[in-house]
Every structure is written in structure tokens, then in C-alpha cells.
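Worksheet for the structure shown next.
Because the structure is predicted, anything quoted here is derived from the model rather than measured. The figures here come from the full heavy-atom set of this structure, side chains too, leaving out hydrogens, waters and symmetry mates. In what follows, every chain begins at residue 1, and chains take the letters A, B, ... in the order their sequences are listed.
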Amino acid sequence: MGRHSCCYKQKLRKGLWSPEEDEKLLRHITKYGHGCWSSVPKQAGLQRCGKSCRLRWINYLRPDLKRGTFSQEEENLIIELHAVLGNRWSQIAAQLPGRTDNEIKNLWNSCLKKKLRQRGIDPVTHKPISEVENVEDIDTSAKSRDKMSVLSNELDLLKAENSNQEATLLEQRPSSIASQGYPLEVQGSSSSKITNNNNS
DNA sequence: AAAGCTTTCAACCGCTCGGTT
DNA sequence: GAACCGAGCGGTTGAAAGCTT
């Protein structure tokens, strides 16, 4: 279980993609679409596994990718969404057109975590760091309520940092997030998955 | 100028999930 | 219901770039 047939194939290239490989993959998908990813490399004449082709397409070759640095507003949105969704990068990416889950995950790990810590906010719980250190065993039934208050705390901080216009936009967002039906209890299932991964 | 350290980011790995047989 | 398979996800790794001393 969990094994990929492509893993058994020999002579498959790994590592960075060459411009020629990009060109082949781009031309193939533009012409035929990707269909079944495992058959893409063969059809496109690439010595890669389908999984690698899929990743390259999604993270780099897709024509609708935005690329470039993240705007302040995008960063704020990621922080907000992370507070609600946790490390569900694909769901967060779905709210940011032209951005990939990998890109957002990298930004979070290299940059946003640091920024939050500098603001005195724990990047995992989105609570003030002092509060996290003192209260380890918080009543889980209060988690959803806490989440919303944390969001408003972060908004207050962001308001202080950013322009009035931007803060107004942000102020409107939590309700829009809620109206889109993000279940607050997903936080629990997310952490349970992380726990499972740690066990492996 | 160069060596060492840190940061960034593309890509891989292992796993789960959902569909199919 | 079990086994298989492909797609997708999140964590991790490692090379390259950037920065510091």
C-alpha cells in the first residue's frame, strides 16, 4: 500500500527540471491535457515519473500562475486562513488565485512564521506567545471561541501596521470566511493528522 | 576575496483518500 | 469487502542564492 508503480521504473530522472523537459511537458499538456498523470511522461517523451510531472505543472508551468513576491494583503490573508484552517495548504491556496500550496507553504515556513513570532504571536496556535507558554492545557471545548477572538486580535495588530484601507478590507474578511462555510472544528482534525504523521 | 552561515524554494517522499475492479 | 491504483496532500530535504564576518 502507498507504493507507486512509477517508483519501480528504472532510469527515471530526478532533481531540477531542464528547460527542454519543461518545454516537452508544457507542449504536451497544452496540446493534449494531462489526463492520466502516470502516462504523461511516456507520451511527452520524458524520463520522469508522473508524480514529478504533475508537481512541475502545478507549481511552475501552469499558465495561470501569478509568480513573483506576495503582496501584503496576500500575506495577511494567508495568516488569517492559517488561523482557521491550520496547515491545509491546498485549501489556503484555493483562496489565493494563481498561488500554489507549495509556494504558500514555503512562504509560511521561511517568512510568515518569523513575522508572527516577532509580533508575539505563536504561529501554531495564533495565540499570544505568553499565553501559550502559560496555558498548555486549554479546555478544548473553548477552542472555536478562542479562534475567533484570536482572529480579531490579529486584525487589531494588522490594523496598527497597515493602512486604514487595508485594515477595512481585512475586517470584512472573517465574516466572508465564515459565510463560505469553513468549519471551525477542522482545526482538530488537522492536528490529529499531524499527530499521525509524527508517529510515522 | 573567500569562507562559513542562513535563507529560500523547487522537488521528493511517504502517506491518505477515493474510485475502480 | 478487499485489493489495487492514481491523485493529491503535507512534511522534509538539499541545492542555490544571499548575507555576514
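Rounded to whole angstrom, the span from the CH2 atom of A:Trp57 across to the C1' atom of C:dA7 amounts to 17 Å. Here C:dG8 presents its C1' atom at 13 Å from CZ of A:Arg62, a figure rounded to the nearest Å. With rounding to whole Å, A:Lys105 atom NZ is found 14 Å from B:dC13 atom P. Per the geometry, NE2 belonging to A:His34 stands 10 Å off C1' belonging to C:dA7, to the nearest Å. Between the CD1 atom of A:Ile58 and the P atom of B:dC12 there is a distance of 13 Å, rounded to whole Å. What separates NZ of A:Lys42 from C1' of C:dG6 is a distance of 17 Å, to the nearest Å. Note: NZ (A:Lys14) to C1' (B:dC13) measures 9 Å, nearest angstrom.
If you look at A:His34 and A:Trp57, their ring centroids are not closer than 6.0 Å.
Between A:Trp89 and C:dG11 there is a side-chain polar atom (N or O) within less than 4.0 angstrom of OP1 or OP2. An OP1 or OP2 oxygen of B:dC12 is reached within less than 4.0 angstrom by a side-chain nitrogen or oxygen of A:Arg48. In this model, the phosphate group of C:dG10 is not approached by any side-chain N or O of A:Trp108 to a distance below 4.0 Å at OP1 or OP2. Distances shorter than 4.0 Å separate some side-chain N or O of A:Ser90 from OP1 or OP2 on C:dG10. In this model, the phosphate group of C:dC9 is approached by a side-chain N or O of A:Arg54 to a distance below 4.0 Å at OP1 or OP2.
Between the A:Lys24 side chain and the A:Leu46 main chain, no donor and acceptor come within less than 3.5 Å of each other. For A:Arg88 (side chain) and A:His82 (main-chain N/O), no donor-acceptor pair under 3.5 Å exists by modelled atom type.
Here the side chains of A:Ile92 and A:Asn87 are not in contact, with every heavy-atom distance at 4.5 Å or above. Looking at heavy atoms from C-beta onward, A:Trp108 lies in side-chain contact with A:Ile79 at the 4.5 angstrom threshold.
Atom NZ of A:Lys66 is surrounded by more than 12 heavy atoms from other residues, nucleotides or ligands within 6.0 Å.
With respect to the salt-bridge test (charged N to carboxylate O, under 4.0 angstrom), the residues A:Glu21 and A:Arg13 qualify.
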Practice prompt. Report, as a single string ordered 5' to 3', how protein heavy atoms within less than 4.0 Å touch nucleotides 5-10 of chain B: B base, S sugar-phosphate only, - not at all.
Written response: ---SBB
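Every residue two or more places apart in sequence or in another chain was checked for a salt bridge (Lys or Arg N to Asp or Glu O under 4.0 Å) with A:Lys114, and none qualifies. Listed by chain and residue number, A:Glu23 satisfy the salt bridge (Lys or Arg N to Asp or Glu O under 4.0 Å) test with A:Arg27 (two or more places apart in sequence, or in another chain). Every residue meeting the salt bridge (Lys or Arg N to Asp or Glu O under 4.0 Å) condition with A:Glu75, not counting sequence neighbours, appears here in chain and number order: A:Lys115.
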Distances for protein N/O vs nucleotides 19-21 of chain B N/O pairs under 3.5 angstrom?
none

Item to complete: Let me see the working for A:Leu61 and A:Ile29 under side-chain contact (heavy atoms from CB on, under 4.5 Å), right down to the final yes or no.
Response: CA-CA 10 Å; A:Leu61 296 175; A:Ile29 294 181; over 6 Å; no
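Across every strand in view, B:dA1 sits unpaired, with no contact that passes the Watson-Crick or G-U test at under 3.5 angstrom.
Within residues 23-33 of chain A, no residue has any heavy atom closer than 4.0 Å to DNA chain B.
Looking only at atom types and distance, the side chain of A:Gln72 has a donor-acceptor partner in the side chain of A:Asn76 under 3.5 Å away.
Nearest-nucleotide positions on DNA chain C for A:Cys36 and A:Leu55 put A:Cys36 closer to the 5' end.
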